[in-house]
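Predicted model, so just to flag it, every value in this text is computed and none were measured.
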Amino acid sequence: MKQGSIAATAAFAVSVAATSAWAETKWDMSIVWPEGNFHTQNAMAFADAVKEATDGEVVITVHSGGALGIKGPEGMAAVRDGLVPIAEILLNQQVGEAPVLGIETLPFLAPTMADLALLHKFYRPKLDEVAAGMNQKILYMVPWPGQAVFAPNPINTVEDLKGLTIRVVDSNGNDFFGALGATPIQMPWGEVVPSLAAGTIKGVTTSSSSGVDGAFWEFTKYMSTFNWQASSNIMSVNLDAWNALPLETRQKIEETAAGLEGQFWLNSRAEDAKKIATLKENGVEVSAPSPELSAALLEKALPLWDAYKTRVPEAAPIIDAYLTLRN
């Protein structure tokens, strides 16, 4: 074989090997929400954008509806242990891994998206620190619409919550609804609709989006837009999988995530209005708390802030810095 042919053959072999390695960067993403949920749609848009930004070097397959067998509270542990290279995770279900992850869900601490964006200025560095300690990196963070209360009866006063068996997501919700006289039960999303159908619970605190996902009009007739709790999801990637990528590829993915995050927040805001309309179309009566009820709810919430700061001291400076600017 001539020298030039040998060189060409060698160059082709190297090219094929490089292409083969390049094509093998495939990540399966775990997400517990159904395909139609806006967080899942965001995740799919992110996956498409990553494929485009990296010229197909990184291909992410989104497995919605908990198809990979990972339940919500298991999200960060699954990414940490490499059970999945990437997952979209409800943050407040991870407080068992780190109690400081419960800051957002303190009742009425950050009731609007503007409040939440301000809180994140102080909270995000701590969140990144916790993630790194769990062998992962957060690529973006997107809030749910405000948390409402779905119930079989109208909620006009605190008395209307007495004895209501209601699903909550975390310990902050448990403490808050317990203080209001309800009977809270913590459970992940996958158990909510079966529990409503079985009568194990009569009410749910969740977003309008999840209310539509679960066709709640089949079980409850009333929704009150408390907006009592902030709640965000994170897109988190295993650090071993992340660091296996070339630096340039990582930079492209980070830029893609940063470029999409703002739009994803806008998607959340639009989602709330859209899904409230869907709930109304299906016969759910939607109302907002009166000023009197709002004041009574806040009165029950405030002691929980101090109790949380005592229980989780590392959260105290974050909360105090945020409140100083907000107030």
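Taking each heavy atom of Trp265 and Pro143 in turn, the nearest pair found is CE2-CD, 3.3 Å. Residues Val192 and Phe216 share a closest heavy-atom pair of CG1-CZ, 4.0 Å. Scanning both residues, Met223 and Leu279, for their nearest heavy atoms gives SD-CD1, 3.5 Å. The two residues Ala131 and Met76 come nearest to each other via the heavy atoms CA-CE, 4.2 Å. Taking each heavy atom of Leu325 and Leu118 in turn, the nearest pair found is CD1-CD1, 4.0 Å. Here the closest heavy-atom approach between residue Gly211 and residue Thr206 is recorded as N-CG2, 4.3 Å.
Between Ser268 and Met113, some side-chain heavy-atom pair lies under the 4.5 Å cut-off. Looking at heavy atoms from C-beta onward, Ile185 lies in side-chain contact with Thr165 at the 4.5 angstrom threshold. A heavy-atom distance below 4.5 Å is found between the side chains of Val149 and Phe177. Side-chain contact between Thr249 and Pro246 is present, with heavy atoms from C-beta onward closer than 4.5 Å. No side-chain heavy atom of Leu304 sits less than 4.5 Å from a side-chain heavy atom of Asn172. Residues Ser195 and Arg167 have side chains not in contact (no heavy-atom distance under 4.5 Å, counting atoms from C-beta outward). Annotation: side chain of Val100 is in contact with side chain of Val130 (closest heavy-atom distance under 4.5 Å). Looking only at side-chain heavy atoms (C-beta outward), Pro145 and Phe38 come within less than 4.5 Å of each other.
The closest side-chain donor-acceptor pair between Asn233 and Trp144 falls under 3.5 angstrom. Judged by distance alone, the side chains of Trp228 and Thr205 do bring a donor and an acceptor atom under 3.5 Å apart. Side-chain atoms of Asn135 and Asp240 form a donor-acceptor pair, as typed in the model, at a separation below 3.5 Å. Side-chain atoms of Asn267 and Glu271 include no donor-acceptor pair closer than 3.5 Å. Between the side chains of Gln136 and Ser236, at least one donor N or O sits under 3.5 Å from an acceptor N or O.
Panel note: side chain Thr40, backbone Gly36; no donor-acceptor pair is recorded below 3.5 Å. Distance alone, capped at 3.5 Å, is enough to place a donor-acceptor pair between the Thr278 side chain and the Lys274 backbone. The main-chain N or O of Ser232 is found under 3.5 Å from a side-chain atom of Glu104 such that the two form a donor-acceptor pair. Listed for the Tyr308 side chain is a donor-acceptor partner under 3.5 Å among the backbone atoms of Ile103. Between the Ser207 side chain and the Ser210 main chain, a donor and an acceptor come within less than 3.5 Å of each other. Without hydrogens or angle criteria, Trp305 side chain to Pro107 main chain gives a donor-acceptor distance under 3.5 Å. Ser224 contributes no side-chain N or O that, together with a main-chain N or O of Ala288, makes up a donor-acceptor pair within less than 3.5 Å. Of the possible polar contacts, one joining the Ser290 side chain to the Leu293 backbone as a donor-acceptor pair under 3.5 Å is found. Side chain of Asp81 to main chain of Leu83: no donor-acceptor pair is present (N/O by atom type, distance under 3.5 Å, no hydrogens or angles). Here the side chain of Asn92 pairs no donor or acceptor atom with the backbone of Thr105 at under 3.5 angstrom.
Partners of Asp128 under the salt bridge (Lys or Arg N to Asp or Glu O under 4.0 Å) rule, at least two apart in sequence or in another chain, are Arg124. For Pro85, the side chain to side chain contact (heavy atoms under 4.5 Å, CB included) partners are Trp27, Ala241, not counting sequence neighbours.
The neighbour count for Lys162 NZ, taken as heavy atoms of other residues, nucleotides or ligands under 6.0 Å away, is above 12. Heavy-atom neighbours of Lys71 NZ from other residues, nucleotides or ligands within 6.0 Å: at or below the threshold of 12. For Gln186, the CD atom is densely surrounded, since the number of other residues' heavy atoms within 6.0 Å is greater than 12. Atom NZ of Lys252 has more than 12 heavy atoms from other residues, nucleotides or ligands within 6.0 Å. By the 6.0 Å contact criterion, CD on Glu52 is open, its count of non-hydrogen atoms from other residues, nucleotides or ligands being 12 or less. Atom CD of Glu299 has 12 or fewer neighbouring heavy atoms from other residues, nucleotides or ligands inside a 6.0 Å radius. Other residues, nucleotides and ligands contribute more than 12 heavy atoms inside 6.0 Å of the CZ atom of Arg311.
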* Kindly indicate, with the supporting measurements, whether the criterion side-chain contact (heavy atoms from CB on, under 4.5 Å) is fulfilled by Ser209 and Asn37. => CA-CA 7 Å; Ser209 184; Asn37 184 276; 3.3 Å; yes

* Take Asp170 and Gln93 through the side-chain contact (heavy atoms from CB on, under 4.5 Å) test and state the conclusion after the steps. => CA-CA 6 Å; Asp170 67 351; Gln93 286 188 329; over 6 Å; no

* Please assess Ile31 against Val62 for the test side-chain contact (heavy atoms from CB on, under 4.5 Å), listing each intermediate value before the final yes or no. => CA-CA 7 Å; Ile31 184 168; Val62 179; 3.8 Å; yes

* Take Asn227 and Thr112, measure what side-chain contact (heavy atoms from CB on, under 4.5 Å) needs, and give me the verdict at the end. => CA-CA 8 Å; Asn227 288 342; Thr112 70; over 6 Å; no

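With rounding to the nearest 0.5 angstrom, the NE2 atom of His120 is 7.0 Å from the OH atom of Tyr123. For the atom pair CG (Leu90) and CD1 (Ile234), the distance works out to 9.5 Å, reported to the nearest 0.5 Å. Distance CD1/Ile155 to CG/Leu164: 6.0 Å, rounded to 0.5 Å. Taking CD from Gln147 and OG1 from Thr225, the interatomic distance works out to 12.0 Å, rounded to the nearest 0.5 Å. Taken to the nearest 0.5 Å, the CD1 atom of Ile70 stands 10.0 Å off from the NE2 atom of His63. A distance of 5.5 Å separates NZ in Lys275 from CG in Asp213, rounded to the nearest 0.5 Å.
Placement of Leu247 and Val58 in two distinct hydrophobic clusters is found when ILVMFWY residues are connected by side-chain heavy-atom separations under 4.5 Å, directly or transitively. There is no path of hydrophobic side-chain contacts, each under 4.5 Å, that joins Leu266 to Met235. Note on Val168 and Tyr222: separate hydrophobic clusters, where clusters join Ile, Leu, Val, Met, Phe, Trp and Tyr whose side-chain heavy atoms are under 4.5 Å apart, directly or indirectly.
A salt bridge links Arg80 and Glu97; the closest N-O separation between the charged side-chain nitrogens and carboxylate oxygens is under 4.0 Å. A salt bridge links Lys126 with Glu129: at least one charged nitrogen is closer than 4.0 Å to a carboxylate oxygen. A salt bridge is defined here as a Lys NZ or Arg NE, NH1 or NH2 lying under 4.0 Å from an Asp or Glu carboxylate O, and Lys137 with Glu254 meets this definition.
Below 30°, between 30° and 60°, or above 60°: for Tyr140 and Phe46 the angle between ring planes is above 60°, a perpendicular geometry.
Residues Phe122 and Tyr322 place their aromatic rings such that the two centres sit no closer than 6.0 Å.
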